[in-house]
Amino acid sequence: MTKLIDQINNNLKNAKENSILQFNKEISQIEDLIPLTLGEPDFNTPDHIKAAAIAAINNNESHYSNPRGIMPLRQAVSKFLADKYDLHYDAETQIITTAGVTEGIYDTLATILNPGDNVIIPSPTFPMYQDDVAINGANAVAVDTSADGFILTPDKLEATLTALDGKAKAVIINTPGNPTGVAYTAEQLEALAKVIEQHNLFCISDEIYSELTYDQKHVSIAKFIPENTILLNGMSKSHAMTGWRVGFILGPADLIDRINVVHQFAVTCVTDNAQFAALEGLQNGPDDGLKMKEKYIVRRDILRDGLQAAGFESPQPGGAFYIFAKIPAQFNQDDFEFARELAFKAKVGVIPGSSFGKGGEGYIRLSYAASKDNIEHVVERIKAFVANN
């Protein structure tokens, strides 16, 4: 048995437990702590969506469904993306309904990767990408974007490919991004797409925060290279449905066929009543997320302005609900130690920036998916902490 466990540990040696959840757990018992740690909307799922789920249960929608998802939901996804972002996917052949984007990331990587493949990942970014790459025996190649406004530039991508002698299978893009809130422009995506297409890479584009894009219209890289793009999206952020676990994978039909095989082995199908809830959200609440976005913008401005006044510089978030703030020079630049100090002394919970990769060292992430009152209290606590240290 020891040898078997050793083999498992070797397979997972480059994958780690989620450091975001670990750190949140570490500080969660601190009395009077205001946590700005987790990326979860503080809004409740809209009532009309909850009612649709209850109706589905009462209508005995409790059986196995098509692994790709019920057809009305896939049709609604197709229409939503066409109406919102001018993206066009066939409901029959190009869409899979998954148990959240988390499953979508795993299914996609498990399908396209072989042991030893290289996957290029801009850093800092959501840590699950690199861990799922590692679990599949491949190599996560981090590209530090901190000097480029947290954007992967075509030059940096080209240089990385040159260093790898062109041996890369995929690149992962997250826009708007976690942890920085930075959103790629159409021009930036188009320039990046040219390099991706030239080198015949897969582009896995995680766009879960697409409806929370603030200062510009959300654009997908799939507009420029649909044949290379595997698009991930879902209901968690746009409709405050994190616990419902409904996501979508979209891409070329032949590739979706192969990803669907992994999806079937992983979960068979997504829970029926959750699918009917998602259908209601897309059909009758396509703009539910916009109402939340208005409040997020107010919170963003309060938090960022307050942090800036306290000496924390950060990129302007173009979407999502995060501030990625540089620790002022007079403080310990070990972001884990600084975040602990902030939690114990100022009673403010944040996530250390290096949880998101090398490009996040010396930063902290604050989620403004919290009440306006709590954010105002956080600003006052951080200002007092800086003044007294």
Side-chain angles (χ1 to χ4, degrees), residues 61 63-82 84-121 128-129 132-133 135-138 168-174 193 196-208 210 220-236 245-272 274-276 278-279 282:
E61 299 291 356
H63 304 280
Y64 292 126
S65 64
N66 186 316
R68 294 178 186 240
I70 58 174
M71 180 53 74
L73 175 55
R74 284 183 280 152
Q75 290 170 335
V77 172
S78 178
K79 184 177 188 304
F80 182 87
L81 293 177
K84 293 277 187 173
Y85 315 126
D86 195 27
L87 297 172
H88 301 281
Y89 290 96
D90 179 67
E92 179 71 39
T93 62
Q94 292 186 282
I95 302 174
I96 302 170
T97 306
T98 60
V101 169
T102 297
E103 190 219 333
I105 295 166
Y106 177 80
D107 291 350
T108 298
L109 292 171
T111 301
I112 69 172
L113 293 180
N114 294 312
D117 281 344
N118 295 316
V119 179
I120 297 169
I121 305 176
M128 186 177 291
Y129 306 138
D132 274 358
V133 168
I135 286 171
N136 283 285
K169 178 67 71 69
V171 59
I172 299 178
I173 302 295
N174 175 213
I196 293 169
E197 187 173 35
Q198 178 185 346
H199 290 272
N200 196 30
L201 302 173
F202 288 114
C203 179
I204 301 166
S205 186
D206 182 350
E207 301 177 24
I208 188 64
S210 60
S220 172
I221 199 166
K223 284 287 294 178
F224 307 108
I225 45 170
E227 292 303 310
N228 295 75
T229 302
I230 303 165
L231 175 62
L232 304 174
N233 213 322
M235 306 297 294
S236 290
R245 311 312 302 136
V246 182
F248 309 105
I249 307 174
L250 306 100
D254 54 350
L255 181 56
I256 289 296
D257 284 343
R258 304 317 303 159
I259 296 174
N260 189 50
V261 174
V262 176
H263 164 65
Q264 289 181 62
F265 289 143
V267 299
T268 304
C269 61
V270 173
T271 306
D272 268 14
Q275 292 193 62
F276 280 93
L279 172 62
L282 294 176

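FYI, the numbering just counts along the sequence from 1.
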Next on the checklist: Tell me if a side-chain donor or acceptor on Q94 pairs with a main-chain N or O of G251 at a distance below 3.5 Å.
Outcome noted: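 Flag set: sc Q94 to bb G251 pair under 3.5 Å.
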Next on the checklist: Quick one: does any side-chain atom of N233 pair with a main-chain N or O of F248 as donor and acceptor, under 3.5 Å?
Outcome noted: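 Checked: no pair found.
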I need the [X] [atom1] to [Y] [atom2] distance, nearest 0.5 Å.
X	Y	atom1	atom2	value
I172	M128	CD1	CE	11.5 Å
L73	L279	CG	CG	6.0 Å
M71	T97	CE	OG1	9.5 Å
E227	L255	CD	CG	9.5 Å
I221	C203	CD1	SG	4.0 Å
I173	I230	CD1	CD1	13.0 Å

Item to check | Which residues share a side-chain hydrogen bond (donor to acceptor under 3.5 Å, both in side chains) with N136, sequence neighbours left out | outcome: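 Partners of N136 by the side-chain hydrogen bond (donor to acceptor under 3.5 Å, both in side chains) criterion come out as none, since no residue qualifies.
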Checklist entry - If you look only at pairs with a residue in residues 70-79, which of them pass as a salt bridge (charged side-chain N to carboxylate O under 4.0 Å, His left out), with sequence neighbours excluded? => result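 Qualifying pairs: K79-D83.
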Who are the side chain to side chain contact (heavy atoms under 4.5 Å, CB included) partners of [X], not counting sequence neighbours?
X	answer
P67	N260, H263, Q264
H199	E158, L161, V195, L201
S65	I70, C269, D272, Q275
D86	H88, K223

Next on the checklist: For Y85, give me all partners under ring-ring contact (aromatic ring centres under 6.0 Å, His included), at least two apart in sequence or on another chain.
Outcome noted: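 In terms of ring-ring contact (aromatic ring centres under 6.0 Å, His included), with neighbours along the sequence ignored, Y85 is linked to H218.
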Checklist entry - Of all residues at least two apart in sequence or in a different chain, which pass the ring-ring contact (aromatic ring centres under 6.0 Å, His included) check with Y129? => result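 With sequence neighbours excluded, Y129 shows a ring-ring contact (aromatic ring centres under 6.0 Å, His included) to F126, given in chain and number order.
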Item to check | Nearest non-hydrogen partners of A278 and M235, listed with the distance | outcome: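 The answer is O-CE, 3.7 Å.
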Item to check | Closest non-hydrogen atom pair between T229 and I225, with its separation | outcome: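 Nearest heavy atoms, T229 then I225: OG1-O, 2.8 Å.
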Donor-acceptor contacts, no H, no angles, side chain residues 104-112, under 3.5 Å, sequence neighbours left out:
residue: T108; atom: OG1; partner: G104; partner atom: O; Å: 2.8
residue: T111; atom: OG1; partner: D107; partner atom: O; Å: 2.7

Name all residues meeting the salt bridge (charged side-chain N to carboxylate O under 4.0 Å, His left out) criterion together with [X]; count only those two or more places apart in sequence or in a different chain, and write none if there are none.
X	value
D90	none
D117	K169
R68	D257

Checklist entry - Would L232 and I208 satisfy side chain to side chain contact (heavy atoms under 4.5 Å, CB included), going step by step from the backbone distance to the final call? => result CA-CA 7 Å; L232 304 174; I208 188 64; over 6 Å; no
Checklist entry - Going through the checks in order, is the side chain to side chain contact (heavy atoms under 4.5 Å, CB included) test met by I95 and I249? => result CA-CA 6 Å; I95 302 174; I249 307 174; over 6 Å; no
Checklist entry - Would L250 and L87 count as a side chain to side chain contact (heavy atoms under 4.5 Å, CB included) if you check the C-alpha gap in whole Å, the side-chain angles of each, and the deciding distance to 0.1 Å? => result CA-CA 10 Å; L250 306 100; L87 297 172; over 6 Å; no
